[in-house]
S.K.: 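The following block contains the structure, expressed as structure tokens.
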Amino acid sequence: MKHIRETWKVTVSEALGAMAREKGLDIATTVDNLVLETPPKPEMGDMGFPLFVWSKAFRMGPPQIAIALAERLAGVGPGTAKAIGPYLNIFLDRAAVARTVLDKSSRPGYGSSGSLAGTRIMIEFSSPNTNKPLHLGHLRNDVLGESVSRILRANGAEVLKINLINDRGVHICKSMLSYMAYGGGRTPQDEGKKSDHFVGDYYVKFNELKMADEAAEEKAQDLLVRWEAGDAQVIDLWKHMNEWAVSGIKTTYERTGISFDKYYYESQIYLTGKEEVQKGLANGAFFKAEDGSVRIDLSPIGLDEKVLLRKDGTSIYMTQDIGLAIHRHDDWPFDRLIYVVANEQQYHFKVLFHILERLGYEWAKNLYHLSYGLVNLPEGRMKTREGTVVDADALLDTLRDTALEEIQAKGREEALGDAADIAEKVALGAVHYYLIQATPSKDMIFNPQESLSFNGDTGPYIQYMGARISSMLRKRDKGEGKASDGLVRPDLLAKDAEWELVRRIAAYPEAVEQAGAEYNPAVVAAHLYDLASAFSRFYHDNPILNSDDPDTAATRLALADSVRNVMKHGLGLLCIPFLEAM
RNA sequence: GCGUUCGUAGCUCAGCUGGAUAGAGCGACGGACUUCGAAUCCGUAGGUCGGGGGUUCGACUCCCUCCGGACGCACCA
């Protein structure tokens, strides 16, 4: 489909150029000046060139230009050019296009491309703290990062997914201190709790501790100092609690299908970057302030000053990130490094990227902050202090249970075999789709009930369409219907109803490409929903397996199979399980 | 105060980077199961695209300005 568009762009720009020469006009008629879009209605054609811009130069009305072009291009293909008002629209040869689309889309990798072949992209996401379990906000980060990674890979990029575990700092010490006070040496196993929740509960209990002990905050600070000094007792406890937290978090990753190629631990790298700052001081990128701290003047980007090393020489968050970025580029030279981090840190990244540029790293321009918005609830904002944070595991459990109830209510347990497993996958599809369908940069409201709804723009709806098609194909394979007596005939797909599906299948690879270029999985999500709903309409109105005519049955089943292939591929990119039945 | 960002149907979101009559879903109302799974489908109502200027043949889209929300503006991470 894409090459057809490119061909027509060249054809039309050349025709415009020829027209200009004949009229003795000097007009720049390059392909770049041509806009090609999709007409709002299928009966207007498959693609169209608006001709308004050429009006002045040619001293002709756009409709006249359209007519002149259509005459000039009579007989030129692929398809036919027609003047429709101020537009030159292209009507494709549906049977011919259907033939190639059906052929391509019946192959496994359909939707993948090489548009990013040869590029190495590092992507950092999730980056949890080890003092509490994952919550709804993390789920957005995780599915965004994982999905973008998969989309980039589908476009041919070499991707390295990394996770920076935030395993040190005062917040970690707080849960440790709380455990020292209330834990009594107990383990997650003792209490029968998922280990990250076990740790998180002590972090919450720190609030109680503060009530009981006014010096709690100071003691936490003190614990941090002892940790940095390598105090054996502190380190030992830290290791235990950290392991509990991390292993629990990894369990949730497994549950949601998130994975990483490499883990970085803040405890191991928090001292890096100091040398780099010294180098910057030496070459004049930074300066030493009167109080002895090392700073950078950010006036070139309209900001103030930023401290990079405290007067006592200790480093801060920024220092660490400078060192880490350089370290990573040495480790694995990338063409692009994407940080999937909430939008509240956009200032941090703006400064970080600028600093790296000032330090003279030309690759600094290849750093990108994939900023995403907060997830709120219909009831309002999630607040840690008010205990309104939605725990990721609990949310998935609730949705899974609701889905299971629905399966039971429909009496489909028998047909499914492992109903609990299906319910879990529906829950996952519900959450992931809901989180991914909104534009990443915007804040969003997550409505759990709505996400699980089986009709509307949801994950389960798309899963359901996939299951229905799968069901049909199973029946064909068992010999039901007349399809096996028929031939697949693409010419039967030229009617509006079928063509609607063909063009969506044809456009799918471009959606994947666009999603990759924009780092926006929502593009794929929207495409899948459109496809699913178009298919739903189609099979409601038209018999497929049960067509009386064998050729029609065979052809429509082939079309359904292609729809299914696209869904499978697309849902895979969005971390949503494809279901054969539900 | 400064910076970034968002404001589209009652609610949740799209809108192909400036083009054809601004679209979906939910909710509301009304329809469709002796037929491939009704966890579905169809129809109706609902809009001054936050307000006002400007650029353009053409603006939800670009510029300015005001209003409203969010987030930042640490020697926290």
Side-chain angles (χ1 to χ4, degrees), chain A residues 35-41 44 48-53 55-56 61-62 84-87 89 127 129 166 168-171 266 270 289 291 293-295 302-304 306-312 314-321 342-348 350 371 373-374 376 378 381 403 406-407 409-410 412 415 426 434 437-439 441-447 449-451 453-458 460-461 463-465 467-469 471-472 475-476 480-481 507 510-511 514 518 522-523 525-526 529-530 533 536-537 539-547 553 556-557 560 581-582:
Chain A
V35 174
L36 178 55
E37 49 149 21
T38 309
K41 289 185 175 180
M44 294 171 156
F49 295 91
L51 299 167
F52 306 94
V53 269
S55 182
K56 197 176 282 177
I84 298 195
Y87 294 83
N89 288 0
S127 302
N129 290 330
N166 256 287
R168 55 147 250 128
V170 207
H171 50 296
E266 207 184 306
Y270 78 103
D291 66 358
S293 60
V294 178
R295 305 183 181 200
L303 297 170
D304 209 356
K306 178 82 186 172
V307 172
L308 301 176
L309 277 181
R310 296 190 182 97
K311 61 186 171 200
D312 62 4
T314 56
S315 62
I316 57 171
Y317 180 54
M318 186 63 81
T319 323
Q320 168 190 315
D321 260 10
N343 59 19
E344 59 198 8
Q345 294 204 42
Q346 43 155 288
Y347 166 84
H348 172 77
K350 190 176 178 183
S371 165
L374 255 57
N376 295 312
R381 194 169 170 175
E406 193 66 30
I407 289 169
K410 300 283 172 197
R412 288 196 51 80
V426 170
Y434 204 97
Q437 50 84 28
T439 305
S441 61
K442 293 189 188 179
D443 287 353
M444 66 177 296
I445 294 176
F446 181 83
N447 185 330
Q449 219 172 343
E450 199 173 284
S451 78
S453 167
F454 299 134
N455 37 359
D457 188 4
T458 68
Y461 173 83
Q463 286 176 315
Y464 175 65
M465 285 309 143
R468 290 298 299 274
I469 297 172
S471 166
M472 247 182 267
K475 289 188 172 174
R476 175 198 59 187
E480 288 184 36
E510 287 159 63
Q514 190 193 339
E518 296 175 4
V523 173
Y529 174 70
D530 281 346
S533 103
S536 185
R537 226 171 5 252
Y539 94 114
H540 189 270
D541 298 340
N542 306 88
I544 297 177
L545 179 69
N546 294 343
S547 297
R556 286 182 176 167
L557 275 165
M582 63 187 279

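Just so it is clear: chains get the letters A, B, ... in the order the sequence lines come, proteins before strands, and each one is counted from 1.
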S.K.: Look up atom CD1 in A:I469 and atom OG in A:S471, then write down how far apart they are to the nearest 0.5 Å.
M.R.: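 Going from the CD1 atom of A:I469 to the OG atom of A:S471 covers 10.5 Å.
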S.K.: Tell me whether B:U17 sits syn or anti, counting syn as a glycosidic angle within 90° of 0.
M.R.: syn
S.K.: Which residue is it: A:V294, A:T314, A:I316? I am looking for the one with a side chain to side chain contact (heavy atoms under 4.5 Å, CB included) to A:L309.
M.R.: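 Passing option: A:V294.
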S.K.: Just the rounded figure in Å: distance from C1' of B:C73 to CD of A:Q345.
M.R.: 14 Å
S.K.: Can you tell me if the side-chain N/O atoms of A:R468 get under 4.0 Å from OP1 or OP2 in B:A38?
M.R.: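 Answer is yes, contact under 4.0 Å.
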S.K.: Identify whether any heavy atom of A:M582 sits under 4.0 Å from a base atom; if not, whether one sits that close to sugar-phosphate; answer base, sugar-phosphate or nothing.
M.R.: base
S.K.: Which listed nucleotide (B:A39, B:A14, B:C41) is nearest to the side chain of A:A438?
M.R.: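 Looking only at heavy atoms from C-beta outward on A:A438, the closest nucleotide is B:A14.
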S.K.: By the 4.0 Å heavy-atom rule, please label A:N129 as base, sugar-phosphate, or nothing.
M.R.: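 Touches nothing.
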S.K.: For A:Q320, which contact category applies under a 4.0 Å heavy-atom criterion: base, sugar-phosphate, or nothing?
M.R.: nothing
S.K.: Output one letter per nucleotide in nucleotides 1-8 of chain B: B when a protein non-hydrogen atom lies under 4.0 Å from the base, S when only the sugar-phosphate is that close, - when neither is.
M.R.: ---S-SS-
S.K.: Which nucleotide, B:A24, B:U40, B:G37, lies nearest any side-chain atom of A:S471?
M.R.: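 That would be B:G37.
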S.K.: Is there any protein nitrogen or oxygen under 3.5 Å from a nitrogen or oxygen in nucleotides 29-32 of chain B, and what are the pairs?
M.R.:
none

S.K.: Under 4.0 Å from OP1 or OP2 of B:G37: is there any side-chain N or O of A:R412 that close?
M.R.: no
S.K.: Nearest to the side chain of A:T439, heavy atoms from C-beta on, is which of B:A14, B:U12, B:A39?
M.R.: B:A14
S.K.: With a cut-off of less than 4.0 Å, is there a side-chain N or O of A:S536 near OP1 or OP2 of B:C41?
M.R.: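 Answer yes for this pair, as a side-chain N or O of A:S536 is under 4.0 Å from OP1 or OP2.
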S.K.: With the 90 degree cut-off around zero defining syn, does B:C57 come out syn or anti?
M.R.: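 It is anti.
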S.K.: Consider the side chain of A:Y539, meaning its heavy atoms from C-beta on, and name the nucleotide among B:A74, B:A70, B:U40 that approaches it most closely.
M.R.: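 Closest nucleotide among those given: B:U40.
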S.K.: Kindly express the pairing pattern of RNA chain B in dot-bracket notation, using | wherever a base pairs with another strand and counting only Watson-Crick or G-U pairs under 3.5 Å.
M.R.: (((((((..((((.....[...)))).(((((.......))))).....(((((..]....))))))))))))....
S.K.: With hydrogens left out and only the distance checked, is there a donor-acceptor pair under 3.5 Å joining A:D304's side chain and the base of B:A74?
M.R.: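 Such a pair does not exist between side chain and base.
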S.K.: Any base atoms under 4.0 Å from A:E510, or only sugar-phosphate, or nothing? Heavy atoms, all strands.
M.R.: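 Nothing, no heavy atom under 4.0 Å.
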S.K.: What's A:A415 touching, base or sugar-phosphate or nothing? Going by heavy atoms closer than 4.0 Å.
M.R.: nothing
S.K.: What is the separation between atom CG on A:L36 and atom P on B:G18, rounded to the nearest whole Å?
M.R.: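 Taking CG of A:L36 and P of B:G18, I get 15 Å after rounding.
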S.K.: To the nearest Å, how far apart are A:L308 CG and B:A74 P?
M.R.: 14 Å
S.K.: Hey, is A:F52 doing a stacking thing with B:G19, by the 5.5 Å centroid and 30° angle criteria?
M.R.: yes
S.K.: Look at all strands and tell whether A:E37 reaches a base, only sugar-phosphate, or nothing, counting heavy atoms closer than 4.0 Å.
M.R.: base
S.K.: Touch check for A:Q463, heavy atoms < 4.0 angstrom, all strands: base, sugar-phosphate only, or nothing?
M.R.: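 No contact at all - A:Q463 keeps every heavy atom at 4.0 Å or more from the nucleic acid.
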S.K.: What class does the angle between the rings of A:H348 and A:Y317 fall in, given that below 30° is parallel, 30 to 60° is tilted and above 60° is perpendicular?
M.R.: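 The rings of A:H348 and A:Y317 lie parallel, inter-plane angle below 30°.
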